[in-house]
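In this text, all values refer to a predicted model and were calculated from it rather than measured experimentally.
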Amino acid sequence: MNSTGQATDDRFEAFHVFDTTLRDGAQREGINLTVADKLAIARHLDDFGVGFIEGGWPGANPRDTEFFARAREEITFRHARLVAFGATRRAGASAAEDPQVRALLESGAPVITVVAKAHDRHVELALRTTLEENLEMVRDTVSYLCAQGRRVFVDCEHFFDGHRANPEYATSVVRTAAEAGADVVVLCDTNGGMLPAQVQATVATVLAETGARIGIHTQDDSGCAVANTLAAVDAGATHVQCTANGYGERVGNANLFPVVAALELKHGRQVLPEGSLQEMTRVSHAIAEVVNLAPSTHQPYVGVSAFAHKAGLHASAIKVDPDLYQHVDPELVGNRLRMLVSDMAGRASIELKGKELGIDLGGDRELVGRVVERVKERELKGYSYEAADASFELLLREEAEGRPLRYFRTESWRAIVEDRPDGTHANEATVKLWAKGERIVATAEGNGPVHALDRTLRVALERFYPQLAKLELVDYKVRILEGKHGTESTTRVLIATSDGSGEWSTVGVGDNVIAASWQALEDAYAYGLLRAGVHPAE
């Protein structure tokens, strides 16, 4: 460790993985990070093994200033170096006297990224200064920070658009930064409009003309941020700037996780410490939880659907060799293969899903055939098992064991919604059921009819099954399916339930939302008891 508490492992100096989630990624609409959030994300990124973590702009706002102060005291980085972000000095001033340059030094960060204008029109219209003065601002700021013992990276803002408009001037900004002592000069596709071939050609040209160490920073406005980043690496860039899960302004930045996975698994270039890649899915989801955004289910490599297979043809091939329909082994990135059960499922899908759930179907073709037909029949009625693994497992176990997995038997249920003259509402449910040979009648109130039914089930059953006290409904989705007769419709309900250590989903279908919810609740309770190791009693 050095005096600033930063990691000093130089094994990955030949290639930099630079994360800017805490600065650029935090500009995404809907993300508002507290200092505690930023510290938590920094720890996750350091655990993942990135080389640099850009923490924000000290001096620009109290939150970022506090983050750097607390990070120095509270985090001992094992892999990453902390980076402070700021701008070149103001026109007509000196770097030594500029307050925001001083704030960069006071942050204590050993590495500083300075953003500089590389597009002539931005210099003249946004900075309102001359092209010559802009170069002097770059030269003065970089050389001053280097003289203060800081390592300096320079982000050339709007570089690709600027190079297209005035290649001589854009290149002169790169050359000036490198000559002043910048360790890396980063070419930024700030508007996100470039395509891979354009990026690759431009990076190669700038490298040849300047000899500077080149980095790449891309936005995803054209949907090419990851591809553009990898194209820059192909052209010789040795520093990539990304954000976790692609968070960022407008549509986002280059996504850290597919970039790193491609570099390690496709390019064969180790850019993270040994074993870190296997933590990728966990880190991706952990950061999503901190920023309070649901993890993208279809994100490459780390999404829950990234290695999910639905079609029967795919399943047949995967049964022979999983690599036939997968570009990498999901375990390499901490993910797993999933078989989705739907009306597209064939025998192979059911057999593989059974294996995934730990249910040995024993090569029983008749059993598998019954399950396939039952799934197709029920999905025709509106059930969706690909999103309700718990309901499918109950169905599969019932077929395999030749009897329903019943912990209780419902005699009847009723939900009442009372609309009172004063504008208030009352929701009450009554259930009549049998459990362990005893008839139970229970009534409870709730915030809505479904909540009332849920509470009534607990009142009725917790005496027999105390394990139910741990269950909590964590998500509830309703979809109205296409009607078959005039205005009649079918309702599908998906319920997610947790016992504190895991989460599962169940499905119900009915001619109204309450009936569908009751089915999903019954499955949710039955599966929760099955997970708890309780044997069926009915």
Point to revise | Closest contact, heavy atoms only, Leu195 versus Ser222 | key: CD2-OG, 4.5 Å
Review point. Is the gap between the ring centers of Phe160 and His119 under 6.0 Å?
Key: no
Check your understanding: Given the side-chain rings of Phe48 and Phe257, with only the six-membered ring counted for Trp, is the space between their centroids under 6.0 Å?
Key -> yes
Check your understanding: Between Arg63 and Asn32, is any side-chain donor less than 3.5 angstrom from a side-chain acceptor?
Key -> yes
Check your understanding: Do side-chain atoms of Lys117 reach the backbone of Glu157 as a donor and acceptor pair under 3.5 angstrom?
Key -> no
Review point. Given the rule in the side-chain hydrogen bond (donor to acceptor under 3.5 Å, both in side chains) test, do His79 and Asp47 qualify, once you have shown the distances and angles that lead to the verdict?
Key: CA-CA 7 Å; His79 304 294; Asp47 288 343; over 6 Å; no
Check your understanding: For His327 and Tyr301, what are the C-alpha separation, side-chain angles and deciding distance, and is it a ring pair (Phe, Tyr, Trp, His ring centres under 6.0 Å)?
Key -> CA-CA 10 Å; His327 68 114; Tyr301 293 99; 5.2 Å; yes
What pairs of donor and acceptor atoms, side-chain ones from residues 123-133 against any protein atom, are under 3.5 angstrom apart with sequence neighbours left out?
from   : atom 1 : to     : atom 2 : distance (Å)
Thr130 : OG1    : Glu133 : N      : 3.0
Glu133 : OE2    : Arg89  : NH1    : 3.0
Glu133 : OE2    : Gly92  : N      : 2.9

Point to revise | Pair Tyr169, Asn134: side-chain N/O donor-acceptor within cut-off below 3.5 Å | key: yes
Review point. Cationic tip of Arg28 within the cone over Tyr247's six-membered ring, i.e. under 6.0 Å and within 45° of the normal?
Key: no
Point to revise | Side-chain donor-acceptor pair present, Asn245, Gln299, cut-off under 3.5 Å | key: yes
**Study point:** Any side-chain heavy-atom pair of Thr171 and His163 under 4.5 Å
**Key:** yes
Exercise for review: For the pair Thr141 (side chain) and Val138 (backbone), establish whether a donor and an acceptor sit closer than 3.5 Å, ignoring hydrogens and angles.
Suggested key: no
Exercise for review: Can you sort out the partners of Phe67 under ring pair (Phe, Tyr, Trp, His ring centres under 6.0 Å), two or more places apart, ordered by chain and number?
Suggested key: none
Review point. Side chains of Asn253 and Gln219: donor-acceptor distance under 3.5 Å anywhere?
Key: yes
Exercise for review: Please tell me if the side chains of Leu256 and Leu45 come closer than 4.5 Å, counting only heavy atoms from C-beta onward.
Suggested key: yes
Exercise for review: Could you tell me whether the side chain of Ser143 and the main chain of Arg139 form a donor-acceptor pair under 3.5 Å?
Suggested key: yes
Review point. Does any non-hydrogen side-chain atom of Val271 lie less than 4.5 Å from one of Glu264?
Key: yes
Check your understanding: Side-chain contact, heavy-atom cut-off 4.5 Å: Asp161 with Met194?
Key -> yes
Exercise for review: Go through the side-chain N and O atoms of Thr218 and Thr229 and say whether any donor and acceptor fall under 3.5 Å apart.
Suggested key: yes
Practice item. Evaluate the ring planes of Phe153 and His239, with Trp represented by its six-membered ring, and classify them as parallel (under 30°), tilted (30 to 60°) or perpendicular (over 60°). Key: perpendicular
Check your understanding: Just wondering, do Val186 and Phe18 contact through their side chains at under 4.5 Å, heavy atoms?
Key -> no
Practice item. Could you check Asp155, Thr113, Asp19 and say which one makes a side-chain hydrogen bond (donor to acceptor under 3.5 Å, both in side chains) with Gln241? Key: Asp155
Review point. Are any of the side-chain heavy atoms of Val206 and Ile214 separated by less than 4.5 Å?
Key: yes
Check your understanding: Asn255 versus Cys242: any side-chain heavy-atom pair under 4.5 Å?
Key -> no
Check your understanding: Hey, does His16 have a side-chain heavy atom less than 4.5 Å from the side chain of Thr238?
Key -> no
